[in-house]
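None of the values given here were measured: they were computed from a predicted structure. Numbers restart at 1 for each chain; the letters A, B, ... are given by sequence-line order, proteins then strands.
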There are 2 protein chains.
Amino acid sequence: MADSSAETKRTYRRGKIRDQNLERILGAAREEFVLKGFAGASIQAIADRAGLPKANVHYYFKTKSNLYVAVLEEIIILWNDHFDELRAEDNPAEVLDRFIRRKVELSYTHPQSSKLFAMEIIQGAPHLRDYLRNDLRPWMRKKAAVIEAWVAAGKMAPVDPYHLIFLIWSSTQHYADFEAQVLTILNRAEYERSMIDRIADFLSRSILAGVGLEAPR
Amino acid sequence: MADSSAETKRTYRRGKIRDQNLERILGAAREEFVLKGFAGASIQAIADRAGLPKANVHYYFKTKSNLYVAVLEEIIILWNDHFDELRAEDNPAEVLDRFIRRKVELSYTHPQSSKLFAMEIIQGAPHLRDYLRNDLRPWMRKKAAVIEAWVAAGKMAPVDPYHLIFLIWSSTQHYADFEAQVLTILNRAEYERSMIDRIADFLSRSILAGVGLEAPR
DNA sequence: TAAAAACCTGTCCAGTTGGCCAGTTTTTTG
DNA sequence: CAAAAAACTGGCCAACTGGACAGGTTTTTA
């Protein structure tokens with residue numbers, strides 16, 4: 001065959017190429033699924049975007065559905081990493097402020113993930129039923145208890161903790177999910193750091209004031 | 001014979017069936033598009049849901065794209081009907097309270113419309129660019145001016161009017177768009193009148209307090 | 001180094017879809 | 001009432017898609 005001596009400049013460690021390809025495919029799939037929806041995104045288009053032949057995508061993910069679920073699971077992991085921001089520390093204002101800012105930041109750094117998650121929920125969450133019931137609901141229950149404790153201790157105005165969290169979720173994720181609308185209205189091409197900071201300031205101040213707290217700093 | 005009204009081209013009985021069929025098709029299309037997305041919704045499925053043969057759908061709407069655009073236009077009209085709720089009346093608290101409640105009500109009565117609109121925006125608003133730029137942006141500018149006037153008159157806390165409206169939009173529409181998530185977390189099968197009222201109360205009170213106002217009543 | 005395991009891809013195929021068309025039925029018109 | 005227009009529909013098809021598969025290549029293992 002061909003000379004095979006000094007051409008091993010690339011280290012063919014098992015798993016390295018695999019991880020790289022998986023990453024490429026998952027990234028490409030995320031984009032395509034957001035842009036075209038599940039049915040509208042073709043494996044061919046995903047493969048093209050990833051720079052791989054179509055059959056290779058099928059090698060890593062047996063079916064389109066599997067690939068879609070894998071993308072969603074990646075998102076869930078990302079979401080869960082930010083789950084425990086809301087702890088029963090001493091100062092509600094600080095905790096809520098930090099929670100809101102993390103959410104805004106996440107919308108800024110991972111807009112595609114937020115969008116795909118939103119689309120899945122809008123369509124009735126056919127692939128996330130179990131996640132919602134078995135993971136998200138228990139988490140909410142715990143966090144609601146924390147907020148209720150704050151209310152009981154007179155540390156903040158009496159509010160329904162569930163709706164407070166819905167308010168935080170919706171208002172923060174809005175800037176990722178409705179990016180096209182927000183940017184058009186504000187006549188901007190894309191988000192900038194300064195705009196994101198102002199959004200976080202505004203939301204933190206408004207929401208905290210809404211529950212009788214003053215934003216820190 | 002002695003037709004003096006040249007505009008009698010409009011037919012009575014024929015138009016009735018036509019309108020009825022159009023209504024059926026548009027309704028069926030709305031459901032299917034929300035459930036499966038644009039690419040995932042088949043004309044056959046829409047026809048079945050409407051109780052008509054597939055070719056009949058193509059008779060009313062030449063292409064799938066035309067049908068989709070027609071559904072979106074219906075939604076825009078619905079949205080615009082509720083546009084002028086925000087007027088520069090005397091009392092900001094009352095106006096904002098009414099605006100928030102209308103939005104919650106709209107989410108409750110027309111969840112599918114809200115969802116489809118959301119999906120379109122999430123996917124980059126390919127069919128709504130013109131609407132956002134030519135209709136929504138001017139409207140926002142006008143309403144922002146009203147809010148700024150209130151602020152200048154010391155009637156409410158100084159806030160960015162654009163982000164205030166984003167906050168109202170996002171928090172109210174959340175209950176329509178993320179219905180599957182909200183209901184799962186609250187362990188409910190569907191929304192009830194009382195729940196909607198509580199949501200409206202909560203959002204109105206929180207958001208108004210957030211801008212230094214007290215909700216009326 | 002040779003066998004085995006893992007990885008890669010060109011090619012083919014069956015199923016589905018949007019939408020066209022030609023022919024039929026119903027309604028309107030003169 | 002007859003002709004024309006509008007409304008309707010079954011059947012057809014070209015295009016595309018997910019995915020199977022067999023044969024090839026590269027890497028690991030013994």
Rounded distance (Å) that lies between atom P of D:dA7 and atom CG of B:L52: 14 Å
Does A:R18 make a side-chain N or O approach to OP1 or OP2 of C:dA6 shorter than 4.0 Å? no
Among D:dG10, C:dT9, C:dC8, which nucleotide sits nearest the side chain of A:I17? C:dC8
Look at the side-chain N and O atoms of B:N21 and state whether any lies under 4.0 Å from the OP1 or OP2 oxygen of D:dC8. yes
Salt-bridge criterion met for A:R205 and A:D97 (N-O under 4.0 Å): no
A:N56 CG to C:dA6 C1', in whole Å, measures 12 Å
Can you check whether A:Y59 has a side-chain N or O nearer than 4.0 Å to OP1 or OP2 of C:dC7? yes
Assert yes or no for the condition that the ring centre distance of B:H163 to A:Y175 is strictly below 6.0 Å. yes
Rounded to whole Å, how long is the line connecting atom CZ of A:F61 with atom C1' of C:dC8? 16 Å
Side-chain heavy atoms of A:P126 within contact of A:E120, under 4.5 Å: yes
Starting at atom CD1 of A:I25, determine the distance to atom C1' of C:dC8, rounded to an integer number of angstrom. 11 Å
A:L167 and B:L167, any side-chain heavy atoms less than 4.5 Å apart: yes
Considering every strand and a 4.0 Å limit on heavy-atom distances, what is the contact class for B:Y60: base, sugar-phosphate, or nothing? sugar-phosphate
Please report, rounded to the nearest Å, how far the P atom of D:dG18 is from the CD atom of A:E32. 11 Å
In B/S/- notation, 5' to 3', how is nucleotides 16-21 of chain C contacted by protein heavy atoms closer than 4.0 Å? --BBS-
Report yes or no: is the cationic atom of A:K143 (NZ for Lys, CZ for Arg) under 6.0 Å from the centre of the six-membered ring of A:W169, at an angle within 45° of the ring normal? no
Check the distance between D:dG18's C1' and A:I46's CD1 and give it to me in whole angstrom. 11 Å
Within this structure, what is the OH-to-P distance between A:Y68 and D:dG18, rounded to whole angstrom? 15 Å
Between A:Y131 and A:E73, do the side chains contain a donor N or O and an acceptor N or O under 3.5 Å apart? no
Backbone of A:L67 reached by a side-chain donor or acceptor of A:K62 within 3.5 Å: no
